Amino acid sequence: MGTDAAIEWVTERVGAPGADLGVAIRPGVGLGIAVADDVLPVGTDDPASVVAGIEAAVAPRWVWFDRPSGPDPLAAAGVRVARCWDVLTVHRLLHGRWRTSVALVWARLHDLAPDGLPTMGQLGLLDDHGDGDGDPEQPVRPDGYLRPEWVAGGWSATPERLARWAALALDAAARQRRLLGLRPLPERAHSTARSESAAELLCAELEVDGLPIDTVEAERLITEAAGPRPRDETHADELRRARDDEVLAILGPGRAVDLRNPADVKAMLRTVGLDLPDTRAWRLERHQDDHPLVAALLRWRKAERISTTYGWRWLDEHVHAGRLRGEWSSCDGAAGRMTASAGLHNLPAELRPAVAAEAGHVLVRADLGQIEPRVLAAVSGDAALIAATADDDLYQPVATRLGVTRDVAKVAVLGAMYGSTTGRSAHALRGLEQAYPTAMGVLEAAARAGAAGEDVYTIGGRRVRMWVDDRSEEIEADASLDRARSVAAARGRFARNALIQGAAAELFKVWAVTVRARAEPLGARIVLCLHDELLLHVPDERAADAVTLVGDALDEAAYRWSPARDVRFVAEVTTVRRWSEAK
DNA sequence: ATCGTAGGCGCC
DNA sequence: AAAGGGCGCCTACGAT
């Protein structure tokens, strides 16, 4: 079966763009395609080109179980499909938590007990071979579970298996659609499933493309912060000791303190008259003037952070040919924010000048302004807070309404969303409850549910699980009422925040995937997603177009996502050569 | 030896 | 201003 024949086969069966098309891909083997009750195995060395052809012809919604680990074959081949349905991603939306598997998802969709999941057995010899298991060429066992040998990789052994696997993904997606229509999920959960799936496409591309890095500048900055590149292990030890000695010298000779051991550091601080509950930086900062040791320790920590986490090893491991690459996930296991490894989400400010556009390109940086309070206005529908979003600076009208300064208003609003209970914001919180009862009521209700151990749902329908694990049950059963209260309070804060953080993540992803789609014709690529910030790598001559596009995409995303029509979202968009130039 | 946890800190 | 929610990643340490 050649590429053209496969395209024709699909075109005959797929009518409208966006219609479901099951697919399973294995480079070197081929791909399997599934439409309703029909499957097509395609043996080919180059499955990506078949996908590209079908995409151009009918633009289906590609349905698959998950994204393979490692470089995504489509993204690596430069095939940018528009739509997909990622079964594992939708599962995470429906059930919360991150850890899952194709076998588990299948079992749950078929009402099979998760703890009855069959295992491969050692070397696959013990299980999965008896006659009771049925035909080994069929992916589903007579008892309804997926065949472990298939789950472990057998699904991609032949084009025929790929085709059967694609049919299963199609079936799983149909079952998920039914679940998405059930209470307590909102109607918009269907569209959340689609945007969250599209975010997986973006993640695959972010992994393959990487973030452009000026390696020379990166080396200069690392040298500045952590010293020269060590020649060998011995040299590295010397440099380490030299760093330590700058702090230890202040203590005087003969004092052996392990600066990497917090208990040791605590004891060291006690000898100079500082008895602190812990040695965290924000606590130490208050005592900078009490003893020169404190300032030296803080300086040491900063240098140590760069050299251990973002130093030479980090550079060698994650930056290749001018690109920083890490693994991307479209959602975490909590409220659903994107995650990234390799320092992509926590690169220290000092190193950000190294993030630079390549020759002939610029970076377009777009930052959502005050996203969380605006999202709170949207999800609660609080008319007064919605009115405040009309202002470029939302905190200003809030401050006026409460009769407090802008700073106090900001702390109070953030405190309400994070569950802060003490300090100056506590008083202003009363004012917020008076002025914005609907918004505060929504947060309060979430906190109560969370404290009681009940799951909550984001506006987009993501289930946020409250962790009621063995340990917290143990603590609750414990006689210590204080501990039980503090666990409940922590759950309350988590739920309160997850409602906002999760909703903001949903809006952000709708924005990001909209930009992804619209930016393609410009030759522009998203190279970084950072919770409320997008970084695009854009050919020089399309910079102005990209700036316009990003703003328009936010309006489009807000329209599609926002449950309240009048909430205003704003983005600051700048064109720069280096990431650090913005702001 | 290998694993999970805690303290710590980078970013949002 | 206070020290809250999330993540990844480092080290040391205690359990297995």
Side-chain angles (χ1 to χ4, degrees), chain A residues 98 225-226 240 244 258-266 276-286 297-298 300-311 313-314 317-318 326-352 355 367-372 395 404-429 443 446-447 450 456 464 467 471 486 489-505 508 528-535 579:
Chain A
W98 197 86
R240 224 160 76 116
D244 296 0
D258 183 356
L259 295 173
R260 292 163 191 81
N261 182 336
D264 248 30
V265 171
K266 218 164 109 176
L276 303 173
D278 59 62
T279 70
R280 291 188 154 86
W282 63 266
R283 207 186 290 281
L284 291 178
E285 268 155 25
R286 296 174 180 169
L297 180 61
L298 286 169
W300 178 89
R301 284 246 178 97
K302 224 169 168 49
E304 178 76 359
R305 169 66 42 190
I306 299 277
S307 52
T308 56
T309 310
Y310 307 103
R313 194 177 60 190
W314 166 82
E317 216 168 298
H318 303 295
E327 287 171 13
W328 285 84
S329 168
S330 66
C331 70
D332 60 26
R337 294 213 298 194
M338 294 175 78
T339 68
S341 68
L344 284 155
H345 270 179
N346 43 12
L347 203 65
E350 302 114 276
L351 294 187
R352 295 194 174 192
V355 177
D367 212 334
L368 295 178
Q370 304 171 337
I371 181 62
E372 289 180 329
Y395 297 119
V404 297
T405 65
R406 182 191 177 279
D407 282 352
V408 171
K410 181 180 174 182
V411 169
V413 171
L414 293 175
M417 289 184 297
Y418 288 142
S420 170
T421 48
T422 53
R424 285 228 286 147
S425 63
H427 177 70
L429 208 57
L443 293 172
V456 296
V464 179
W467 70 100
R471 177 179 309 192
S486 94
R491 279 206 292 255
R493 285 193 300 272
F494 173 60
R496 179 190 284 270
N497 184 248
L499 219 64
I500 303 306
Q501 192 185 94
F508 176 80
L528 189 71
C529 294
L530 197 42
H531 306 314
D532 63 353
E533 179 178 348
L534 283 174
L535 203 60
W579 191 17

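Please read these numbers as outputs of a predicted model, since none were measured by experiment. Below, chain A is the first sequence line, B the second, and so on; all start at residue 1.
Here C:dC9 presents its C1' atom at 11 Å from CD of A:Glu317, a figure rounded to the nearest Å. Computed from coordinates, the A:Phe494 CZ to C:dG5 P distance equals 10 Å when rounded to whole Å. Rounded to whole Å, atom P of C:dG8 lies 10 Å from atom CD of A:Glu327. Regarding A:Asn497, its CG atom lies at a distance of 12 Å from the C1' atom of C:dC7, rounded to whole Å. Atom CD of A:Glu372 and atom P of C:dG6 are 13 Å apart (whole Å). Atom CZ in A:Arg240 sits roughly 14 Å away from atom P in C:dC10 (whole-Å rounding).
The local environment of CZ in A:Arg240 is sparse, with at most 12 non-hydrogen atoms from other residues, nucleotides or ligands closer than 6.0 Å.
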Every protein N/O lying under 3.5 Å from an N/O of nucleotides 8-12 of chain B:
residue, atom, partner, partner atom, Å
B:dG8, OP1, A:Thr279, N, 2.9
B:dG8, OP1, A:Thr279, OG1, 2.7
B:dG8, OP2, A:Arg280, NH1, 3.4
B:dG8, O3', A:Arg301, NH1, 3.2
B:dG8, N2, A:Arg305, NH1, 3.2
B:dG8, N2, A:Arg305, NH2, 3.1
B:dC9, OP1, A:Arg301, NH1, 2.5
B:dC9, OP2, A:Ala281, N, 2.8
B:dC9, O4', A:Arg305, NH2, 3.0
B:dG10, N2, A:Asn346, ND2, 2.7
B:dG10, N3, A:Asn346, ND2, 3.3
B:dC11, OP1, A:Ala349, N, 3.0
B:dC11, O3', A:Arg352, NH2, 3.0
B:dC12, OP1, A:Arg352, NH1, 3.3
B:dC12, O3', A:Asp532, OD1, 2.7
B:dC12, O3', A:Asp532, OD2, 3.3
B:dC12, O2, A:Arg337, NH1, 3.4
B:dC12, O2, A:Arg337, NH2, 2.9

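Heavy atoms of A:Ala335 sit nowhere under 4.0 angstrom from any nucleic acid atom. Within 4.0 Å of A:Ala498, counting heavy atoms only, lies no atom of the nucleic acid at all.
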Working for side chain to side chain contact (heavy atoms under 4.5 Å, CB included), residues A:Leu351 and A:Trp579: CA-CA 10 Å; A:Leu351 294 187; A:Trp579 191 17; over 6 Å; no
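Residue A:Asn261 places no side-chain N or O under 4.0 Å from the OP1 or OP2 atom of B:dG7.
The nearest heavy atom of DNA chain C to A:Met338 and to A:Arg313 marks one nucleotide each, and the one closer to the 5' end goes with A:Met338. For A:Glu285 and A:His318, each mapped to the nucleotide of DNA chain C holding its nearest heavy atom, the one lying further toward the 5' end belongs to A:Glu285.
Legend: salt bridge (Lys or Arg N to Asp or Glu O under 4.0 Å) pairs involving residues 277-286 of chain A, not counting sequence neighbours, sorted by first then second residue: A:Asp278-A:Arg280, A:Asp278-A:Arg283.
To the nearest 0.5 Å, the span separating OG1 on A:Thr309 from CG on A:Leu347 amounts to 11.0 Å. Taken to the nearest 0.5 Å, the SG atom of A:Cys529 stands 4.5 Å off from the CZ atom of A:Phe508.
Residues meeting the side chain to side chain donor-acceptor pair (under 3.5 Å) test with A:Arg406, sequence neighbours left out: A:Asp393.
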